[in-house]
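Here's the structure, in structure tokens; my notes come after.
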Amino acid sequence: MNKSLVLVVIFFGILASVFSCKQDSQESKTTEKKQEAYLKIAYNVLVDEENDDYEFFVMDFNGDNKKNICNSPGVDWVYHSYDDKLFFLSDRDGSYREYYLYQTDVNGSDVQRITDFRLKDSWMDSRNDGSELIVTPHPDVDSSFYIINLKGEVLSKIYTGLPYFNDPCFSPDGNKIVFRGSNKPFKKDIGFIDELYIMNSDGSGLRQLTQYPENDNSAKWHNYHAGPPCWNETTDVISYISKRNGSYSIFTTDASGQNTQQITPDGFNQGWHDWSTDGKFVVFNGSSTKDNPNYDIFLLDIGKRQINRLSFDSIYEQAPVFVNYYQNTTYE
């Protein structure tokens, strides 16, 4: 990888025919509505560090029209989107950092609480046209992954058999689950290394997917050896972040754990990320230099291998996800 890759600010025209995210799951929508779907980006912002107030914003694909759609004190953190819906964890109805799952639309309207049980701070995913979610209950609730419906009802429980497990993600067909796991229960335990594991959606066939390089000591106890996975439904590759060669980069592998590639450059930290449904773009939080503690939102054009910086603020902006916006839909 060319380490001298220059961050280039490029204006991307938002053409519905290119970025409309048309999927089989949207067959019930009218053809007209599909043609009017625009891709936006939702992301999390630390708006008040003293009061630990995280809120989420939405902006256009090119970084314009940034808007706070949360406006709620406490921790609200978007972890997943499906079509024009955003799924987030929040402590708004519980004690400090006691999380439950909610959903809202792309404008922050129609907020609905989904779960009555407490969740762990974890990424999540959906399958079956967004009707089922895989989440991680808090350890006080259970030691498994839950597959739930949008009413918060538990459809099945998946026990991994590992002391540590988090951040589950479905394969595009929903038949497999990839997640972060370790043979040690806590990050501070000697020998804790988080790797990606893969299994069938019923919990069978567990196997390790990634292997952190033995000769690299970049990742300390609090860093990711293999960060939360994302499964690109177009190219069928699994992406994750890893602290290597002194900084975080985004890597990809296939479902066999082969063909590992680094898709972002060394020299500055890239973090939590999401794929556009056409597989052409990755949106991620990153710092402009590896020693800069502040994070902004960046967009990677895979084909052109060019990076566009979308935010230039002095506040933490992290964990972006793509979300659909329908121009003719009235969000209340």
Side-chain angles (χ1 to χ4, degrees), residues 1-15 18-21 38-46 56-66 78 81 123 218-219 223-224 226-235 237-253 259-325:
M1 168 133 339
N2 186 353
K3 295 184 179 180
S4 63
L5 180 65
V6 179
L7 299 179
V8 181
V9 178
I10 302 170
F11 179 83
F12 293 96
I14 310 175
L15 298 176
V18 179
F19 305 121
S20 59
C21 297
Y38 290 80
L39 206 56
K40 286 181 175 282
I41 297 167
Y43 58 101
N44 301 284
V45 179
L46 178 57
F56 48 90
F57 287 53
V58 167
M59 63 180 167
D60 293 342
F61 188 82
N62 66 341
D64 288 346
N65 299 315
K66 298 177 177 65
V78 168
S81 67
W123 287 79
S218 297
N223 296 134
Y224 289 123
C230 295
W231 206 315
N232 185 325
E233 61 186 69
T234 302
T235 61
V237 298
I238 300 164
S239 60
Y240 60 99
I241 57 174
S242 184
K243 185 75 175 287
R244 302 183 188 182
N245 299 320
S247 60
Y248 274 117
S249 296
I250 300 175
F251 294 81
T252 61
T253 187
N259 303 315
T260 300
Q261 298 182 31
Q262 182 177 337
I263 65 171
T264 56
D266 291 330
F268 78 106
N269 288 310
Q270 305 97 38
W272 295 309
H273 60 280
D274 190 29
W275 290 88
S276 61
T277 53
D278 59 16
K280 296 179 179 180
F281 297 93
V282 178
V283 64
F284 63 89
N285 62 254
S287 57
S288 56
T289 65
K290 66 179 182 180
D291 297 321
N292 183 358
N294 183 58
Y295 286 93
D296 288 292
I297 306 300
F298 295 81
L299 186 72
L300 169 64
D301 184 322
I302 294 293
K304 295 180 179 179
R305 305 192 70 81
Q306 292 175 324
I307 295 175
N308 178 28
R309 185 175 177 179
L310 301 182
S311 65
F312 297 83
D313 303 299
S314 60
I315 55 179
Y316 282 85
E317 297 166 312
Q318 297 175 293
V321 296
F322 289 110
V323 60
N324 278 348
Y325 173 79

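Predicted, not measured: the structure shown is a model, and the values here were computed from it.
Interatomic distance, F284 CZ to Q318 CD, rounded to the nearest 0.5 Å: 13.0 Å. Summarising the geometry, atom OG belonging to S287 is positioned 9.0 Å from atom CG belonging to D296; distances are rounded to the nearest 0.5 Å. Atom NZ of K243 sits about 6.0 Å away from atom CG of N269, to the nearest 0.5 Å. Atom CH2 of W123 is separated from atom SG of C230 by 6.0 Å, given to the nearest 0.5 angstrom. Distance check: Y295 OH to N44 CG gives 14.5 Å after rounding to the nearest 0.5 Å.
Of the possible donor and acceptor atoms, one in the side chain of D301 sits under 3.5 Å from a partner among the backbone N and O of K304. Looking at D313, its side chain never comes within 3.5 Å of a backbone N or O of I315 through a donor-acceptor pair. Of the possible donor and acceptor atoms, one in the side chain of S276 sits under 3.5 Å from a partner among the backbone N and O of F281. In this structure, S249 contributes its side chain and Q262 its backbone to no donor-acceptor pair below 3.5 Å. Although no hydrogens or angles enter the test, the distance criterion places no donor-acceptor pair under 3.5 Å between the side chain of N324 and the main chain of L39. Using modelled atom types, no side-chain atom of N308 and backbone atom of L299 make a donor-acceptor pair closer than 3.5 Å. Not a single donor-acceptor pair under 3.5 Å links the side chain of D60 to the backbone N or O of N62. When atom types are taken as modelled, the side chain of Y248 and the backbone of Y224 share a donor-acceptor pair closer than 3.5 angstrom. Under the 3.5 Å distance criterion, the side-chain polar atoms of N285 are matched with a main-chain donor or acceptor of A319.
Considering only heavy atoms from C-beta on, V58 comes within 4.5 Å of K40 through its side chain. Looking only at side-chain heavy atoms (C-beta outward), W275 and V321 stay at 4.5 Å or farther from each other. Counting only heavy atoms from C-beta outward, the side chains of I302 and K280 never approach each other to under 4.5 Å. In this structure, T260 and Y240 have side chains that are in contact, with non-hydrogen atoms separated by less than 4.5 Å. Residues Q270 and P265 meet the side-chain proximity criterion, which asks for heavy atoms closer than 4.5 Å. Residues L310 and I41 meet the side-chain proximity criterion, which asks for heavy atoms closer than 4.5 Å.
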For this session: Give the C-alpha distance, both sets of side-chain angles, the deciding distance and a yes or no for side chain to side chain contact (heavy atoms under 4.5 Å, CB included) between H273 and I241.
Result: CA-CA 9 Å; H273 60 280; I241 57 174; 3.9 Å; yes
For this session: Go through N259 and T253 one step at a time and tell me if the side chain to side chain contact (heavy atoms under 4.5 Å, CB included) criterion holds.
Result: CA-CA 6 Å; N259 303 315; T253 187; 5.8 Å; no
For this session: Please test Y43 against M59 for side chain to side chain contact (heavy atoms under 4.5 Å, CB included), starting from the C-alpha separation and ending with a verdict.
Result: CA-CA 8 Å; Y43 58 101; M59 63 180 167; 3.7 Å; yes
Problem set entry | Pair T264-L300, side chain to side chain contact (heavy atoms under 4.5 Å, CB included): steps then yes or no | CA-CA 8 Å; T264 56; L300 169 64; 3.9 Å; yes
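Q261 and T252 share no side-chain donor-acceptor pair at under 3.5 Å.
Ring-plane geometry between F61 and F322 is classed as parallel, the angle between the planes falling under 30 degrees on a 0 to 90 degree scale with a further cut at 60.
In terms of heavy-atom proximity, S218 sits nearest to G246 at OG-N, 2.9 Å. Nearest approach of T277 to E233, heavy atoms of both residues: O-CG, 4.1 Å. In terms of heavy-atom proximity, I238 sits nearest to P229 at CG2-CB, 4.0 Å.
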